[in-house]
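First the structure, in the form of structure tokens, and then the observations on it.
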Amino acid sequence: MSASNLHGLVAYYADVDSLLAAVRRVREAGYQRFDAHSPFPVHGIDPVMGIRPTVLPWLVLGAGLTGCAGALLMQWWTNGHDYAFLISGKPLFGLPAAIPVTFELIILLSAFMTFFGMLALNTLPLLSNPLLRTAGFGRVTADRFAISIEAADACFESHATRELLAGTGALSVEACESDESSAVVPKWIKQLTMIGAAIALIPPALIAMERYGTRTTPRIHVITDMDFQSKAKAQSASLLFEDGRAMRRPVEGTLAVGEWIEDEYRATGKVAGQLGTGFPYEIDRAVMERGRQRFDIYCGVCHGLDGLGRGPIAVRAESLEESAWVPPTNLHDERLLTVPEGHLFEVITNGVRNMPAYAAQLSVDDRWAVVAYLRALQRSRNASIEDVPTDQQRNFK
Amino acid sequence: MSAHHHVSAPERTRVTPSGLAGRGRLATLFGAALCVLAVVLGFVQEEGMARLQHGWLLAVTFFVTLGLGGLFFVLVQYLVRAGWSVVVRRLAEHLAGSLPLMGLLLLPVVIPTLFGNGQLYHWADPHELAESHLLQEKAPYLNGWFLLVRVAIYVGVWTLLVRAFNRRSLAQDDTGDPSMTIWMQKRAAPSVLAFALTLTFFAFDMLMSLSYEWFSTIFGVYVFAGSAVALFATLVLLALRFEGRGELRGIVTTEHYHDLGKLLFAFVFFWGYIAFSQFMLIWYGDIPEETVWFQQRWVGSWKYVSLLLLFGHFLLPFVGLLSRHVKRNRSLLASWAVLLLLMHLVDLYWLIMPTLSPEGASIGLIDFACLSGVGGLFLGGLWRRIDGKPLVPLRDPRLGESLAFQNL
């Protein structure tokens with residue numbers, strides 16, 4: 001055996017006490033790269049071997065604190081900041097609700113750090129160690145104690161080290177040869193890995209094709225997200241209720257909050273059953289602006305923003321030559337200039353001819369605002385220079 | 001496990017404390033006198049009777065939970081066949097030994113309910129019963145006579161368990177009969193079951209029923225967690241006391257304090273975990289009949305008591321006891337033990353007293369008289385039980401393992 005392929009020397013002992021004594025001697029002789037082996041943990045061997053307390057607890061503490069901060073930050077960011085979403089009246093970021101996730105993440109990261117940190121600090125997994133090829137080493141897992149000194153140690157000198165170990169009461173001293181076999185990963189393992197990786201890509205590729213490709217049949221829903229929901233849509237049937245309708249009527253004799261308006265004219269546009277004139281509340285600039293906005297949204301599409309009855313829908317219907325199409329009314333029609341305001345309100349509320357009711361889209365006061373804006377719109381086409389404020393008049397000359 | 005660590009069994013005379021009986025009698029006399037003083041103050045002071053009952057309940061439950069903690073420790077050591085703990089188990093046995101007397105001291109708060117006195121338990125008040133439909137529904141359970149029967153069962157079970165286990169443990173000192181240990185190991189599992197049930201219903205009956213409209217199924221576990229914290233704190237302090245006197249010197253070592261510290265730390269966290277579990281579900285559910293209990297403990301200065309518990313009973317000791325070095329340092333560990341024992345008292349105070357003074361925390365002379373009175377009786381009994389008996393189970397089959405115990 002040449003010195004070049006010598007990994008180290010192993011000395012065997014019968015009991016813990018002689019092992020500890022030998023470790024003490026080896027360390028006093030100045031060796032650094034040596035290890036003690038025993039079938040069970042030996043109390044107090046760490047200080048004898050000069051092993052410093054591990055840094056692992058600090059790493060685990062750091063991982064735990066990272067988990068704590070990360071979990072709190074994540075929950076604050078997602079629920080309280082980026083996508084603020086009120087859940088059953090709780091604060092957007094409520095600490096009690098955030099604690100369970102925080103707790104679990106602290107535990108998770110700490111456990112990972114403990115486990116993987118322990119492996120890393122011990123340079124594990126170690127697939128092969130030359131000591132395992134030594135004849136007597138197997139008994140270390142049963143009833144033998146051993147010290148191994150690496151040949152790479154600065155103090156190592158084949159003969160002298162063997163003398164030292166023999167002098168510590170060792171049962172025997174054995175040479176341990178280096179593992180000369182190649183450390184290169186065999187080709188077939190590499191090839192098998194590549195083939196395996198390629199095969200593993202097939203299922204996700206198939207899923208992606210099904211999910212995002214063009215198809216004539218319904219898609220396969222691998223992850224359904226919210227594609228299917230057990231909910232009833234408006235105007236649909238439902239077996240849940242006795243009347244078979246998904247939409248519910250208000251409970252008899254009740255009103256939704258804000259629906260009760262004491263003033264009959266304001267609520268219906270009528271006074272004692274007759275259409276009334278004027279507005280039930282004061283019209284100011286804010287009401288007029290609101291009216292313009294609602295008019296442009298709900299009325300303009302048919303009647304046109306100018307009220308002449310040539311909104312985009314009307315234009316489109318004419319271009320398609322729809323036979324059943326009833327053109328929208330020109331709001332500047334002579335008849336509409338003189339009808340009472342209550343009539344306009346009533347038409348918006350309940351609809352007329354082909355025009356649908358807008359009570360569901362426009363609140364009571366919004367409807368009055370639209371009426372007010374309509375009145376202003378009508379007046380704008382029959383205005384004289386006196387209607388323009390004096391300081392603005394010169395703009396029109 | 002460690003063959004290089006040889007420890008021989010201690011001599012009987014060295015580990016047997018003497019001269020404690022006299023001190024015990026003194027403590028009993030002192031305690032009895034203070035109990036009388038508390039009752040006198042209760043009669044003299046304005047609304048003193050209500051405070052006397054609350055203060056008495058606080059004092060008795062504090063020491064009952066210490067005893068229950070001791071019983072739990074003893075049972076669990078046999079249940080898991082623990083080796084390390086043998087040298088401190090006798091201390092826990094003596095603590096559990098206080099249960100018969102302390103259980104008897106519950107009578108002064110149970111008996112008034114028989115006569116319709118609702119100053120402590122509002123459900124016992126006939127007017128309350130007449131007006132509250134909820135209470136009428138609960139009356140088959142919440143009534144004075146049934147409470148008396150239940151408390152008798154709890155204390156009866158505890159007394160039986162304490163006698164069965166303590167007697168055999170003491171007898172083994174003379175006989176060295178390992179069949180005693182085997183007998184107790186066999187009975188430990190059903191005993192723990194009986195212990196858990198009695199403790200849970202004791203907590204429901206004596207503490208939770210103070211707010212009879214409120215309920216929390218985890219309440220028993222919460223009280224148990226607090227009891228365990230108090231027990232380990234007390235064990236640390238008692239072990240230090242007798243290490244100082246000499247009986248346990250060289251027997252209870254840093255290794256045992258380290259383990260007691262670990263358990264103390266674990267149960268500090270367990271207490272926080274349970275307390276938070278109780279709080280969070282109620283906070284999240286947000287149902288008035290459940291939240292009212294926490295609302296009462298957030299009114300006025302009760303808020304600060306709640307926060308004191310959060311920090312003093314959980315967060316600070318958690319951080320403080322986290323390190324191995326703290327658990328292996330006797331004086332640091334003792335400081336945390338003292339704090340946690342105090343916090344257990346605050347915890348019970350926080351459970352009991354809001355029904356007496358809902359507007360804010362208040363302490364009266366009667367509270368101190370009750371606490372030191374019952375405390376005197378407790379200590380008196382404890383010293384007399386300890387006196388003249390070996391403080392270490394001399395011939396326990398696992399004593400050697402415990403003496404040689406080392407943490408990895």
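Numbers restart at 1 for each chain; the letters A, B, ... are given by sequence-line order, proteins then strands. Any value given below was found using the heavy atoms of this structure, including those in side chains, with hydrogens, waters and symmetry copies removed.
- The local environment of CZ in A:Phe241 is crowded, with over 12 non-hydrogen atoms from other residues, nucleotides or ligands closer than 6.0 Å.
- Between A:Phe103 and B:Phe269, a ring centre-to-centre spacing shorter than 6.0 Å is recorded.
- The interface of residues 54-79 of chain A with chain B, defined by heavy-atom distances below 4.5 Å, comprises A:Leu61.
- The distance between the ring centers of B:Trp298 and B:Trp350 does not fall below 6.0 angstrom.
- Looking at B:Ser216 and B:Tyr222, their side chains never bring a donor and an acceptor atom within 3.5 Å of each other.
- Nearest heavy atoms, A:Val173 versus A:Ala166: CG2-N, 3.9 Å.
- You'll find the ring centres of B:Phe265 and B:Phe318 inside the 6.0 Å limit.
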